[in-house]
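Before any comments, here is the structure.
Basis for what follows: all heavy atoms, side chains included, without hydrogens, waters or symmetry-related copies. In what follows, chains are A, B, ... by sequence order, proteins preceding strands, each numbered from 1.
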Amino acid sequence: MVKITEDNKGFYDAVYSVVMLIPKGKVTTYGHVAELVHRPANSRQVGSALKHSHLLISQLAAMDGDSVSYSYQGLPWQRVVGSGGKISPRSDSHGELEQVTRLRQEGVEVSEARVVSLDRYGWFPDEVSW
DNA sequence: CAAATGACAGGTA
DNA sequence: GTACCTGCCATTT
């Protein structure tokens, strides 16, 4: 299982911080998040960070305590999707279904395992398109 | 050290 | 539009 180390700590911290900034009703991609944390080739690791967010965030909190400004409960992981808006398949489909449910609940239209509305502009640094 | 594994992405057929 | 295929890279086996 993944684990926080001195080497990867900054990466995970940055990923969770960026994901926290995505507004309700908007979505972005794993690749976009990777770019925003200046590790454009690590989109797969972004997926890993979200998959294990419960475990990893608790580890970060244990290490850094108060400086950690996010929590597993408050992390809007559902707002990160694959390129083209695809809902990434999991080994256990429960996660995918949960993601679709959460997105629809906040007004994001999802059809055929894919986000339809590409309302993703104006939420972070500059206008970013996918 | 080599091989396999992934909540990925981009290009090609 | 869909289906593969290849590149990618941290982790695990």
- Going only through I, L, V, M, F, W and Y residues with side-chain contacts under 4.5 Å, is there a path from A:Ile87 to A:Leu97? no

- Query: Would you say C:dT11 has OP1 or OP2 under 4.0 Å from some side-chain N or O of A:Asn8?
  - Reply: yes

- Message: What is the separation between atom NZ on A:Lys51 and atom P on C:dC9, rounded to the nearest whole Å?
- Response: 21 Å

- Task: Could you tell me whether A:Gly95 contacts a base, only the sugar-phosphate backbone, or nothing, with contacts defined as non-hydrogen atoms closer than 4.0 Å?
- Result: nothing

- Looking at C:dT11, B:dA9, C:dC9, which one has an atom nearest to any side-chain atom of A:Asn42? C:dC9

- Check for a donor-acceptor pair, side chain of A:Glu106 on one end and backbone N or O of A:Gly25 on the other, with a separation under 3.5 Å. yes

- Message: Whole angstroms only, please: what is the CG-C1' distance between A:Leu55 and C:dT11?
- Response: 14 Å

- Query: Can you tell me how far C1' of C:dT11 sits from NE2 of A:His52, to the nearest Å?
  - Reply: 9 Å

- Note on the structure: To the nearest angstrom, the CG-P distance between A:Leu36 and B:dA9 comes to 13 Å

- Query: Which nucleotide in the set B:dA9, C:dC9, B:dA7 lies at the smallest distance from any side-chain heavy atom of A:Thr29?
  - Reply: B:dA9

- Out of B:dA7, C:dT2, C:dA10, which nucleotide sits closest to the side chain of A:Ser88? B:dA7

- Task: Taking only the side-chain heavy atoms of A:Tyr12 (C-beta and beyond), determine which of B:dA7, C:dT11, B:dG10 contains the nearest atom.
- Result: C:dT11

- Contact summary for A:Gly95 and A:Arg90, nearest pair of heavy atoms: O-NH2, 4.1 Å

- Message: So which atom in A:Met20 and which in A:Pro76 form the shortest heavy-atom distance, rounded to 0.1 Å?
- Response: SD-CD, 3.8 Å

Could you go through residues 38-65 of chain A and list every donor-acceptor pair under 3.5 Å that involves a side-chain atom there, pairing it with any protein atom two or more places apart or in another chain?
from: A:Ser53; atom 1: OG; to: A:Leu50; atom 2: O; distance (Å): 3.0
from: A:Ser58; atom 1: OG; to: A:His54; atom 2: O; distance (Å): 3.4
from: A:Ser58; atom 1: OG; to: A:Leu55; atom 2: O; distance (Å): 2.6
from: A:Gln59; atom 1: OE1; to: A:Ile4; atom 2: N; distance (Å): 3.0
from: A:Asp64; atom 1: OD1; to: A:Lys9; atom 2: NZ; distance (Å): 3.3

- Euclidean distance, atom NZ of residue A:Lys86 to atom P of C:dA3 [Å, nearest integer]: 12 Å

- Between CZ of A:Phe11 and P of C:dC8 the distance, given in whole Å, is 17 Å

- Query: A:Arg102 side chain to A:Gln78 main-chain N or O, any donor-acceptor pair under 3.5 Å?
  - Reply: no

- Task: Please list residues of residues 97-108 of chain A whose heavy atoms come under 4.0 Å from any atom in DNA chain C, ordered by number; otherwise none.
- Result: none

- Message: Rounding to an integer number of Å, can you tell me how far A:Tyr16 OH sits from B:dA7 C1'?
- Response: 12 Å

- Item | Side-chain donor or acceptor of A:Ser93 paired with backbone N/O of A:Glu96 under 3.5 Å | no

- Task: For C:dA10, take OP1 and OP2 only and decide whether either is under 4.0 Å from a side-chain N or O of A:Arg39.
- Result: yes

So which protein N/O to nucleotides 5-7 of chain C N/O distances come out below 3.5 Å?
from: C:dG7; atom 1: O6; to: A:Arg44; atom 2: NH1; distance (Å): 3.4

- Does A:Gln99 reach the main-chain N or O of A:Val80 with its side chain, forming a donor-acceptor pair under 3.5 Å? yes

- Task: May I ask you to list the residues of residues 67-80 of chain A, by number, that have any heavy atom positioned under 4.0 Å from an atom of DNA chain B?
- Result: A:Trp77

- Task: Take A:Val18 and A:Val37 through the test side chain to side chain contact (heavy atoms under 4.5 Å, CB included) and record every step on the way to the result.
- Result: CA-CA 8 Å; A:Val18 165; A:Val37 301; 3.9 Å; yes

- Item | Interatomic distance, A:Ile4 CD1 vs C:dA10 C1' [rounded to whole Å] | 12 Å

- Contacts of type side chain to side chain contact (heavy atoms under 4.5 Å, CB included), residue A:Thr5, not counting sequence neighbours: A:Asp7, A:Asn8

- May I ask you to decide if A:Glu109's main-chain N or O and A:Arg104's side chain share a donor-acceptor pair within less than 3.5 Å? no

- For residues 2-31 of chain A, the ring-ring contact (aromatic ring centres under 6.0 Å, His included) pairs (sequence neighbours left out) are A:Tyr16-A:Tyr70

- Between B:dG10, B:dA7, C:dA10, which nucleotide gets closest to the side-chain atoms of A:Gln45? C:dA10

